[in-house]
Amino acid sequence: MLPPPNLNPSVLSRAELPAETVALARFLIGKLLVRRLPEGNASGRIVEAEAYVVGDAAGHAYRGMTPRNRSLFLEHGHAYVCLVRGRSYLMNVSSERAGIGAGVLIRALEPCDGIALMQRNRGTARLLDLARGPGRLAQALQIDRRLDGVDLCCDGALWLGGDGCPPCAIERSKRIGIRRDAWRLLRFYCANNRFVSGQRRPNNC
DNA sequence: AGTGCGATTGACT
DNA sequence: GTCAATCGCACTA
């Protein structure tokens, strides 16, 4: 488990964010994703992310820009939010230069601030289920298509924070739930962290 | 204009 | 472990 979070982190500047997709995915592990809501902030530490690189057949930008995926082509550090299977929103951080379609899917958060708010949004009290998985994470932070394209390096409705975030040991694996280019080791996650997705949990913890 | 499907989740055997 | 819900959109015609 990581040390206690800084509940008043500073907004990461674009200059601090690596532009290159894999470097960005690694960099984001341990950083904070903060959602500002009328009721207060809801935030969590990013413990799992996947890179969808240039030329990646599994990436939503693979077939070029469309109305849905255009945010992936923004300069690095913008949000790309899409809907999958008619029910789950997925939140990505765009990477690379403007005009290049690539990004990093945020797959899991360790809840930090606004836990009661996230519990309400998710309809469960279980800490482990609040933001473990990309769809759950989006539901906990009330992320939907209205946030598509927002600048995550500005103090706004959704942003990335990093001040005082200690590093954690990062492990690497294949990505989850994809068919094309499934062999690539582009998933990064905090070692020994219970809030990482892709593993079944017993009911009692 | 119609069709097929997905970077998932939760319920159930 | 299996399986279906659910809908925007990309693709074909």
Side-chain angles (χ1 to χ4, degrees), chain A residues 21-22 24-29 33 44 46-74 76-96 100-111 118-150 152 158 160 171-190 194-205:
Chain A
T21 310
V22 173
L24 179 62
R26 294 193 83 107
F27 174 85
L28 288 176
I29 301 295
L33 181 64
I46 298 167
V47 294
E48 180 185 359
E50 288 177 352
Y52 288 85
V53 300
V54 176
D56 187 341
H60 286 180
Y62 185 57
R63 294 163 193 267
M65 196 190 299
T66 69
R68 178 179 65 177
N69 68 19
R70 65 194 155 87
S71 297
L72 276 178
F73 293 80
L74 295 171
H76 70 288
H78 289 80
Y80 163 55
V81 181
C82 65
L83 180 67
V84 286
R85 301 199 98 70
R87 57 168 58 174
S88 302
Y89 287 99
L90 309 185
M91 193 268 167
N92 295 250
V93 181
S94 69
S95 60
E96 310 292 343
I100 307 288
V104 174
L105 171 67
I106 309 301
R107 283 196 59 92
L109 303 179
E110 178 179 333
M118 292 192 238
Q119 287 171 326
R120 204 173 77 197
N121 292 338
R122 287 274 301 121
T124 178
R126 289 191 73 207
L127 212 55
L128 273 175
D129 282 342
L130 289 185
R132 181 167 54 84
R136 293 169 177 151
L137 168 170
Q139 189 179 35
L141 299 191
Q142 290 182 36
I143 293 171
D144 61 29
R145 278 236 87 183
R146 287 173 296 199
L147 290 172
D148 184 52
V150 305
L152 299 169
L158 184 64
L160 293 166
E171 294 187 342
R172 176 173 201 165
S173 75
K174 292 180 185 175
R175 295 172 293 184
I176 293 175
I178 56 165
R179 289 178 42 196
R180 294 174 297 180
D181 277 0
W183 54 272
R184 293 179 185 244
L185 300 175
L186 291 175
R187 171 173 175 254
F188 300 91
Y189 56 96
C190 276
R194 288 146 46 87
F195 295 91
V196 169
S197 78
Q199 42 199 303
R200 281 295 180 184
R201 293 288 171 194
N203 262 342
N204 56 10
C205 62

*Asks:* Please confirm whether the backbone N or O of A:Thr21 pairs with a side-chain atom of A:Glu96, one donor and one acceptor, at under 3.5 Å?
*Replies:*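 Present.
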*Asks:* Heavy atoms from C-beta onward define the side chain here; which of C:dC9, B:dT9, B:dG10 lies closest to that of A:Arg87?
*Replies:*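 For A:Arg87, the side-chain atoms sit closest to B:dT9.
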*Asks:* Report, as yes or no, whether the 6.0 Å neighbourhood of atom CZ on A:Arg70 holds more than 12 heavy atoms from other residues, nucleotides or ligands.
*Replies:*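 For A:Arg70, atom CZ is not crowded (no more than 12 foreign heavy atoms under 6.0 Å).
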*Asks:* For A:Asn69 and C:dA10, what is the distance between atoms CG and P respectively, to the nearest whole Å?
*Replies:*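 Value for this atom pair: 7 Å.
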*Asks:* Taking only the side-chain heavy atoms of A:Arg136 (C-beta and beyond), determine which of B:dA7, B:dT8, B:dG10 contains the nearest atom.
*Replies:*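 Closest nucleotide among those given: B:dG10.
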*Asks:* B:dA7 P sits how many Å from A:Leu83 CG, rounded?
*Replies:*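 About 12 Å, once rounded to whole Å.
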*Asks:* Rounded to whole Å, how long is the line connecting atom CD1 of A:Ile178 with atom P of B:dG6?
*Replies:*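 Result: 12 Å.
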*Asks:* Measure from OH on A:Tyr89 to P on B:dT9 and round the result to the nearest Å.
*Replies:*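 So the two atoms are 14 Å apart, to the nearest Å.
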*Asks:* Taking OP1 and OP2 of B:dC5, is either one under 4.0 Å from a side-chain nitrogen or oxygen of A:Arg68?
*Replies:*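 Result: no.
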*Asks:* For B:dT8, does the base pair up with any side-chain atom of A:Arg85 as donor and acceptor (N or O, under 3.5 Å, distance only)?
*Replies:*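 Check passes, donor-acceptor contact within cut-off.
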*Asks:* Examine A:Arg175 relative to A:Phe188 and say whether NZ or CZ is less than 6.0 Å from the centre of the six-membered ring and inside a 45° cone about the ring axis.
*Replies:*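 Relative to the ring axis of A:Phe188, which defines the angle, A:Arg175 lies outside at least one limit.
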*Asks:* Which whole-number value in Å describes the distance from A:Ile106 CD1 to B:dT8 C1'?
*Replies:*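 To the nearest whole Å, that distance equals 17 Å.
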*Asks:* Does any non-hydrogen side-chain atom of A:Arg26 lie less than 4.5 Å from one of A:Val104?
*Replies:*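 They are not in contact (no side-chain heavy atoms under 4.5 Å apart), so the answer is no.
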*Asks:* Figure out the CE/C1' separation between A:Met91 and B:dT9, and round it to whole Å.
*Replies:*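 Checked: the CE to C1' distance equals 20 Å.
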*Asks:* Among the nucleotides B:dA7, C:dC11, C:dC9, which one has an atom lying closest to any side-chain atom of A:Arg107?
*Replies:*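 So the side chain of A:Arg107 is nearest to B:dA7.
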*Asks:* Give the dot-bracket string for DNA chain B, reading 5' to 3', where a pair is Watson-Crick or G-U wobble with both distances under 3.5 Å, ( ) marks pairs inside the strand, [ ] marks pairs crossing earlier ones, | marks a partner on another strand, and . marks unpaired.
*Replies:* ||||||.|||||.
*Asks:* Checking A:Asn121 against A:Gln139: is there a side-chain donor and acceptor pair closer than 3.5 Å?
*Replies:*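 Per modelled atom types, A:Gln139 and A:Asn121 side chains form no pair under 3.5 Å.
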*Asks:* Nearest whole angstrom, please: distance from the P of B:dG10 to the CG of A:Leu137.
*Replies:*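 Whole-Å distance recorded here is 13 Å.
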*Asks:* Quick check for you: among B:dT8, C:dA10, C:dC11, whose closest atom lies nearest to any side-chain atom of A:Pro134?
*Replies:*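 In terms of side-chain proximity for A:Pro134, the closest of B:dT8, C:dA10, C:dC11 is B:dT8.
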*Asks:* I'd like to know if the side chain of A:Thr124 pairs up with that of A:Asp129 as donor and acceptor (distance under 3.5 Å, no hydrogens or angles considered).
*Replies:*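 A:Asp129 and A:Thr124 do not have a side-chain donor-acceptor pair below 3.5 Å.
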*Asks:* Between C:dG8, C:dC11, B:dT9, which nucleotide gets closest to the side-chain atoms of A:Ser88?
*Replies:*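 Among C:dG8, C:dC11, B:dT9, the one nearest the side chain of A:Ser88 is B:dT9.
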*Asks:* Given C:dC9, is OP1 or OP2 found less than 4.0 Å from the side-chain N or O atoms of A:Arg145?
*Replies:*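 Yes, such a contact exists.
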*Asks:* Checking A:Arg107 against A:Ser197: is there a side-chain donor and acceptor pair closer than 3.5 Å?
*Replies:*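 A pair is found: one side chain offers a donor N or O, the other an acceptor, under 3.5 Å apart.
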*Asks:* Do the non-hydrogen side-chain atoms of A:Val22 and A:Val53 ever get within less than 4.5 Å of each other?
*Replies:*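 Yes, their side chains come closer than 4.5 Å.
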*Asks:* Select base, sugar-phosphate, or nothing to describe what A:Arg180 touches, counting heavy atoms under 4.0 Å on all strands.
*Replies:*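 If one applies the 4.0 Å heavy-atom cut-off, A:Arg180 turns out to touch nothing in the nucleic acid.
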*Asks:* Whole angstrom is fine here: how far is it from CG in A:Leu105 over to P in B:dT8?
*Replies:*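 One finds 8 Å between P of B:dT8 and CG of A:Leu105, rounded.
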*Asks:* On DNA chain B, does the nearest nucleotide to A:Gln139 precede the nearest nucleotide to A:Leu72 from the 5' side, or the other way round? Give the residue.
*Replies:*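 Here A:Leu72 is the residue nearer the 5' end.
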